[in-house]
Visitor: 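The structure's right below; bear with me while I get my questions together.
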Amino acid sequence: MKSENVRLSGADILFECLKREGVDTIFGYPGGAVLKIYEKLYDVDFLQHILVRHEQGAAHMAEGYAKATGKVGVVLVTSGPGATNTVTGIADAYMDSVPIVVFTGQVPSHLIGNDAFQEADIIGITRPITKHNFLVRDVKELASTIRKAFRIASTGRPGPVVVDLPKDVIASECEFVYPNDVDIRGYRPVYRGHSNQIKKAAEMISNSKKPLLYVGGGVIMSGGSRELALLVQENNLPVTMTLQGLGAFPGTDEHSLGMLGMHGTYWANQAVQNCDLLVSLGARFDDRVTGNTESFATSAYKIHVDIDPASIDKNIVVDLPIVGDVKHVLAELAAEIQKPPEVEEWWESITKWKDECPLTYEGNDGRLRTEFVIEKLSEKTKGEAVIVTDVGQHQMWTAQYYKFNNPRSNITSGGLGTMGFSVPASIGAAFAIKDRPIVSISGDGGFQMNMQELVTAAAHKLPIKFIIINNSFLGMVRQWQELFHAEKFSFTDLGQSNPDFVKVGEAFGIKSFSTDNPKEVDGLLDKVFKYNEGPSLIEFKVVKEDMVFPIIPSGKSVADMIVKRLNPKNMM
Amino acid sequence: MKQVISVLIENHFGAFDRVATMFSGKGFNLKSITIGETEIANVSRMTIVTEGEGKDIDKVVKQLNRLVDTIKVIDLSETNHVERELALIKVDLQNTSLDEMKNVCDIFRGNVVDINNKSIMLEITGPPDKIDAVVNVLMPFGILEMARSGNVALRRGEQLKIKKKEYPSN
């Protein structure tokens, strides 16, 4: 403990702590309970405060910032509605293990529980959707609480932490003591994997005939991409990635089988079903990956590397668990493997599956299709852009057709599936990433869920390329209605009610374009990639009835995969 | 199958709620939960009774360990332990006599803690199945009110192995 012998107010302490945590950007919105903090903020020069237009936007921006950089994203909002508006973003961060710290104002301590103006029990509300949360009851606890909050958010399996700050705590003073270290006795994440287990895993890999690496977001979070690449190259191993794992390994590399699971490639899913060794690296056997757990990778010996012991044996019982940081484990694993496995025949099978059923789409009728737009985008940016997707068909097509070459390039809402994520998350990423283009892709539905944040992008002249894939429908829901719900297109047709997206963009001062012509895609993309003085927007009006294939229906297995549309009458 | 889990947890605001919220959020079965102070300052002990098979209990233990406020989680079902519960039971005296109640109470080694001309209150302590038995016996007399504490449990101390004296052979 280092005493600096100065008496500071809670608000001062907050900023002193943020400075020491290396925070350079916070996303927030002022209000009654945090006025004192905003009063101090007025004179703070070591960080930039980004004024959002809705607190949900702030939470998603913090997520975008954190996912793009690996640093903790920080949010500052007022009590009551300010706090509750961040809830969706917090839940999203919890599901996708994104390190964010959310500071919420709270009514003065003596009014807590009195149904005071703008009071909400945000600690109670966020308990099941945070890694941890704190109500600061005494200004003396503030510095150590903030230290703990950042520690918990960013270490182990990362996640969101809420710090609730009553108005009186912020206003009162105490001697400022910044703890150099904090001991949290109930929180000791394990980083080093058990060496005997790693030795066993190395032997299993050497001896296997049909190995497969199943890579999740954990590899990106741990910064283990280089270690992964080494392991793959030295041992000629096939790699399949989850939605969050895309980018952990270059999508253009021949060892990449692309994404697995519900909308994964045919060959990746066949590889999962037929492999004799499945090595899960920082992935959690989510239901979108496994489908029916009874029939998932039944012939494989399963190794599961994860920093969160609770992820192991949760959905799928594995044969060899390794608790530890994936980066560390990958490095040790690569060093332990004595001889590479013999996988020539295995690669032949994989190539055969790839030839049997490649990713294809209808492209000869002169109508605009999402797959075509994404392919063009992937070519133009050479897989080097930061792509921030929303949720739905465009998200799955991006996962299939964009060849992510770098970690932290694929920013998307996976676990929670939050529509309205892309616009604010891309803004958060744009505040951190200046050397690569940032592309936000949304459907026409999701775009409208947080389009108020366009003004945040415009005000800061962020060169984000906003792409709207407009099929006049809630496309993914429409797809399920067609496939599984008797073609009752119940409340998914937005065609009659959608706004004019070009006018929307222009209203916010954003250069905006629209097309439904495949021949114009190239030119428009060139135009927006050349323009970096501010945000730009392109609406691509695409075919409304297209569906994402392949699809493994929910809860089914690879054998039930649908690879193309069966009912041609819907091909309007 | 009934399982008993002992949890050492930070004794501060919201820690108990975190455990309860986790059980409901994860859909785990919660049969009883007790909490109280321990010999260590700022540390409470929770005794949780849940129901499930071995692999379900593993999940419960892992999720408990995952909470930042939990310091130590021990699955007592796996070890030799002592388990106790306390019950206060108020019985209607209209259908029985004071003697009869006193008798039942003695058999179960309980105490009479309150009495008036309408009812009698018994205090019974013991393993949970003993409490079940008392309740079963008292039910026909008419239980007016009842409060059970939920289980508390501790691991038994290790028994020192003492070598038996050998009987001299000759």
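Bear in mind that the values here come from a model prediction, so they are computed numbers and not experimental data. By convention in this document, chain letters (A, B, ...) are assigned in the order of the sequence lines, proteins followed by strands, and residues within each chain are numbered from 1.
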Visitor: Please classify the contact between B/Leu8 and chain A as side chain, backbone, both or neither, with a heavy-atom cut-off of under 4.5 Å.
Guide: neither
Visitor: If you take the centroid of each ring, where Trp contributes its six-membered ring, are A/His132 and A/Tyr187 closer together than 6.0 Å?
Guide: no
Visitor: Is the count of non-hydrogen atoms from other residues, nucleotides or ligands lying under 6.0 Å from B/Lys2 atom NZ greater than 12?
Guide: yes
Visitor: Measure distances from A/Leu135 to the heavy atoms of chain B and classify the residue's part below 4.5 Å as side chain, backbone, both or neither.
Guide: side chain
Visitor: Which label fits A/Phe150 and A/Phe103: parallel for a plane angle under 30°, tilted from 30 to 60°, or perpendicular past 60°?
Guide: tilted
Visitor: Going by residue number, which parts of residues 120-142 of chain B are within reach of chain A, meaning a heavy-atom gap below 4.5 Å?
Guide: none
Visitor: With only heavy atoms counted, which part of B/Arg18 is less than 4.5 Å from chain A, the side chain, the backbone, both or neither?
Guide: both
Visitor: Are A/Asp325 and A/Lys327 within salt-bridge range, i.e. N to O under 4.0 Å?
Guide: no
Visitor: For the CG atom of A/Asp121 and the OG1 atom of A/Thr126, what is their distance to the nearest 0.5 Å?
Guide: 8.0 Å
Visitor: Between A/Asp308 and A/Arg157, is there a donor-acceptor pair closer than 3.5 Å when you use the side chain of the first and the backbone of the second?
Guide: no
Visitor: Using a 4.5 angstrom heavy-atom cutoff, name the option from A/Lys314, A/Lys148, A/Arg188 with the most pairs to chain B.
Guide: A/Lys314
Visitor: Any chance you could lay out the side chain to side chain contact (heavy atoms under 4.5 Å, CB included) test for B/Leu30 and B/Ile48, step after step, and finish with the verdict?
Guide: CA-CA 7 Å; B/Leu30 189 56; B/Ile48 296 169; 3.6 Å; yes
Visitor: Is the shortest side-chain N to carboxylate O distance from B/Lys62 to B/Asp58 below 4.0 Å?
Guide: no
Visitor: Apply side-chain hydrogen bond (donor to acceptor under 3.5 Å, both in side chains) to B/Asp69 and B/His12, showing your working.
Guide: CA-CA 9 Å; B/Asp69 281 337; B/His12 63 212; 3.0 Å; yes
Visitor: Check whether B/Asp56 gets within reach of chain A through its side chain, its backbone, both or neither, counting any heavy atom under 4.5 Å.
Guide: neither
Visitor: For the candidates B/Met22, B/Lys55, B/Glu10, B/Gln63, which exhibits the highest count of non-hydrogen atom pairs separated by less than 4.5 Å from chain A?
Guide: B/Glu10
